[in-house]
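Note that this is a predicted model, so its numbers are computed, not measured. Chain naming here is simple, since letters A, B, ... match the order of the sequence lines and numbering starts at 1 in each.
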Amino acid sequence: MKRHRFAPNLLTCNTLLNALVHSSSSSSITLASHLFHDALSLGVKPNTNTFNILIYGHCSGNNFHHARTLIHKMSHFSCSPDNITYNTLLDAMCKKGHLSQVRELLQEMKGTGLSPNRNTYNILVHGYCRLKWLKEAAQVIDLMTKDGMLPDIWTYNTMLRGFCDEGKIEDALRLRDEMEISPDRFTYNTMINAYCKTGRLGEAYRMMDEMTRKGFKPDVFTLNIVLHTLCMEKKPEVAYDLTVKAGKRGYILDEVTYGTLIMGYFKCEQGDRALKLWDEMREKGIAPSVVTYNTLIRGLCLSGKTDQSVDKLNELLEKGNPIDVVTYNTLISSLCKEGRLEEAFNLMTEMEGKKLEPDQYTYNAIVNALTHAGRTDEVEKFTSKLLETGQDVKTHGTSQEHDVSGDNTNSEQISGLCTRGKYKEAMKLFLESEQKGVSLNKYAYIKLMDGFLKRRKSISKVAQPN
DNA sequence: CTAGGGTTAG
């Protein structure tokens with residue numbers, strides 16, 4: 001900017017900063033800060049938005065100290081914080097679980113004469129739901145109501161998700177029936193996800209049928225939820241097939257779609273298929289998130305290619321890609337399982353150097369490996385660190401596989417009706433079977449799912465796997 | 001041009 005003697009106006013500046021802080025690169029906030037100072041020296045007068053954008057950037061990097069410093073600097077530029085400023089910080093702190101700081105910040109906010117708005121309350125509801133403090137979340141809703149603000153669809157969906165995450169689907173359903181606002185696609189996807197996760201696929205489909213009838217077509221989120229269920233049940237081929245069909249129907253497959261399939265194939269020891277999909281995703285210019293990188297890294301580890309995974313990590317670091325605790329934990333556990341403890345310790349030192357705090361997964365892996373190696377004196381040290389994380393030792397639950405056998409007569413009829421495009425009749429038979437408690441086989445579910453996708457108007461043929 | 005909800009990894 002300086003070099004070209006180009007003086008940006010405020011709008012240009014804010015737009016640019018906003019794009020930067022929302023990009024996935026970890027160094028973007030540093031770049032944004034430089035840009036901000038350049039703009040200042042070129043005479044740009046920042047407004048509250050400018051600061052809100054920068055504060056968002058600092059919060060994304062969990063740098064609350066910088067965020068708060070900026071709030072205090074605002075007055076030097078004749079700007080004052082607004083609801084957005086505080087809500088941004090509150091949300092970030094809620095996500096970190098720093099509830100005492102949240103209360104403190106709320107006081108500070110009130111001290112400046114600002115009152116919580118609906119978004120503020122929704123952020124707090126979300127914060128409590130994440131901690132599984134459902135009672136407190138409900139109390140916030142009472143509070144907002146007393147404050148003259150009725151809960152909106154965001155509030156309800158957040159609370160609904162809170163119930164679902166605790167397995168309280170019946171409470172979620174009751175809330176959905178009680179709420180006086182129409183459910184939206186978020187409501188439906190939340191419920192569908194809850195049903196899929198608890199193995200109630202039939203109910204998930206009923207919900208999909210309902211959402212379709214209410215005018216909400218299943219979207220890529222709905223698709224990804226179903227794909228995930230199929231992959232967990234070790235049916236990646238079926239999931240893939242569904243993905244191809246969705247692509248042909250105009251669904252824009254995303255990074256999550258690919259990541260889910262990649263996980264599915266690795267799970268079934270088909271690493272070659274997984275890697276092919278990875279390449280396909282890259283060729284399409286779809287940028288993987290840190291989660292999807294972690295899926296790949298874990299997949300490689302599971303295929304016995306731990307060294308290749310470590311190379312992948314170094315490649316990510318070189319290119320400045322985001323890395324997180326999970327990335328390191330994945331590699332550390334793999335090394336531990338192979339008895340390569342010293343390498344695991346080296347990685348732990350490396351992660352600490354990057355300000356990534358080892359957590360219960362890290363210590364758990366280390367403790368197990370030390371125990372196995374009979375290094376009892378060191379076990380104690382890491383066991384206490386494990387306890388310090390305040391978490392119970394994670395035990396990996398067994399995955400409950402859905403019954404694939406089922407009633408073949410009804411299943412075949414449903415599949416046949418779907419093939420002939422008679423989805424209404426298929427759904428009717430499906431609901432009848434459900435009512436009678438007749439379990440159906442997987443393929444009936446898949447054929448029906450394809451039906452839901454088909455009823456969606458084809459937009460364009462994009463992003464479909466070959 | 002600024003804040004909040006649904007999908008994916010250990």
Side-chain angles (χ1 to χ4, degrees), chain A residues 9-19 21-22 46-57 59 81-92 94-95 117-127 129-130 152-162 164 183-194 196-197 216 218-229 231-232 254-264 266-267 288-299 301-302 324-334 359-362 364-365 394 396:
Chain A
N9 64 23
L10 181 59
L11 179 73
T12 318
C13 186
N14 285 352
T15 308
L16 200 55
L17 289 175
N18 191 43
V21 300
H22 281 94
N47 62 6
T48 299
N49 295 358
T50 319
F51 285 99
N52 287 347
I53 293 164
L54 290 170
I55 286 167
Y56 178 92
C59 285
D82 59 8
N83 271 310
I84 296 182
T85 320
Y86 281 103
N87 286 350
T88 304
L89 253 163
L90 284 169
D91 184 52
C94 279
K95 283 176 177 153
N117 64 11
R118 191 176 266 141
N119 285 3
T120 317
Y121 286 114
N122 286 342
I123 287 164
L124 296 176
V125 171
H126 191 209
C129 282
R130 284 175 64 95
D152 62 5
I153 191 68
W154 292 70
T155 325
Y156 283 116
N157 287 342
T158 304
M159 200 65 218
L160 214 72
R161 164 94 195 270
C164 288
D184 62 6
R185 61 184 204 283
F186 289 85
T187 320
Y188 284 111
N189 282 336
T190 301
M191 297 301 304
I192 289 166
N193 187 40
C196 282
K197 293 287 181 298
F216 298 103
D219 58 15
V220 69
F221 281 78
T222 326
L223 175 70
N224 289 343
I225 291 165
V226 174
L227 293 178
H228 184 249
T229 306
C231 285
M232 290 306 278
D254 62 11
E255 177 257 332
V256 178
T257 314
Y258 278 96
T260 305
L261 291 175
I262 288 167
M263 178 205 71
F266 272 126
K267 222 178 169 52
S289 66
V290 64
V291 175
T292 301
Y293 272 115
N294 289 343
T295 305
L296 176 71
I297 285 174
R298 169 151 166 84
C301 286
L302 287 175
D324 65 8
V325 183
V326 180
T327 322
Y328 277 101
N329 285 348
T330 306
L331 290 167
I332 288 170
S333 352
S334 191
D359 62 10
Q360 70 266 33
Y361 291 93
T362 327
N364 199 29
K394 281 275 177 249
H396 298 290

Closest nucleotide among B:dG5, B:dA3, B:dG10 to the A:Arg161 side chain: B:dG5
Atom pair OG1/CE of A:Thr292 and A:Met263 - distance to nearest 0.5 Å: 11.0 Å
Heavy-atom pair of closest approach, residues A:Asn189 and A:Phe221: ND2-CB, 3.6 Å
Salt bridge (charged side-chain N to carboxylate O under 4.0 Å, His left out) partners for A:Asp91, two or more places apart: A:Lys95
Base B:dA3 to side chain A:Asn117, donor-acceptor N/O within 3.5 Å cut-off: yes
Heavy-atom donor-acceptor pair, A:His22 side chain to A:Asn18 backbone, under 3.5 Å: yes
Selected nucleotide, minimal atom distance to A:Leu11 side chain, candidates B:dC1, B:dA3, B:dT8: B:dC1
Below 4.0 Å: OP1/OP2 of B:dT7 and any side-chain N or O of A:Asn193: yes
Passing candidate, side chain to side chain donor-acceptor pair (under 3.5 Å) with A:Asn157, options A:Thr187, A:Thr190, A:Asp152: A:Thr187
B:dA3 base / A:Asp91 side chain donor-acceptor hit below 3.5 Å: no
Donor/acceptor link under 3.5 angstrom from A:Asn18 side chain onto base of B:dC1: no
Rounded distance in Å - CE (A:Met232) to P (B:dG10): 7 Å
Nearest-nucleotide pick for A:His22, side chain only, options being B:dA9, B:dG10, B:dT2: B:dT2
Residue-phosphate contact under 4.0 Å: A:Lys197 side-chain N/O, B:dG6 OP1/OP2: no
A:Arg298 side-chain N/O to B:dG10 phosphate OP1/OP2 under 4.0 Å: yes
Euclidean distance, atom CG of residue A:Leu90 to atom C1' of B:dG5 [Å, nearest integer]: 17 Å
Listed nucleotide nearest any side-chain atom of A:Asn52, set B:dT2, B:dA9, B:dG6: B:dT2
For A:Arg298, all residues meeting salt bridge (charged side-chain N to carboxylate O under 4.0 Å, His left out), sequence neighbours excluded: none
Gap between atoms CG and C1', on A:Asn224 and B:dT7 respectively (whole Å): 5 Å
Pi stacking test for A:Phe186 and B:dG6: under 5.5 Å apart, planes under 30°: no
Given B:dT7, B:dG10, B:dG5, the nucleotide with the shortest approach to the side chain of A:Thr158: B:dG5
Rounded distance (Å) that lies between atom P of B:dT2 and atom CG of A:Asn47: 11 Å
For atom CD of A:Glu255 and atom P of B:dT8, their distance in whole Å: 12 Å
Sugar-phosphate, base or nothing in reach of A:Val125, heavy atoms under 4.0 Å: nothing
Between C1' of B:dA3 and CG of A:Leu54, the distance in whole Å: 15 Å
Candidates B:dA9, B:dG6, B:dA3 - which lies nearest the side chain of A:Asn294: B:dA9
Atom-pair distance (NZ on A:Lys95; P on B:dA3), nearest Å: 11 Å
A:Thr292, nearest nucleotide to its side chain (from B:dT8, B:dT2, B:dA3): B:dT8
Sugar-phosphate, base or nothing in reach of A:Ile153, heavy atoms under 4.0 Å: base
Proximal nucleotide (of B:dA9, B:dA3, B:dT8) relative to the A:Val326 side chain: B:dA9
Nearest-Å distance for atom pair CH2/P, residues A:Trp154 and B:dG6: 9 Å
Polar side-chain contact A:Asp184-B:dG5 base: donor and acceptor under 3.5 Å: yes
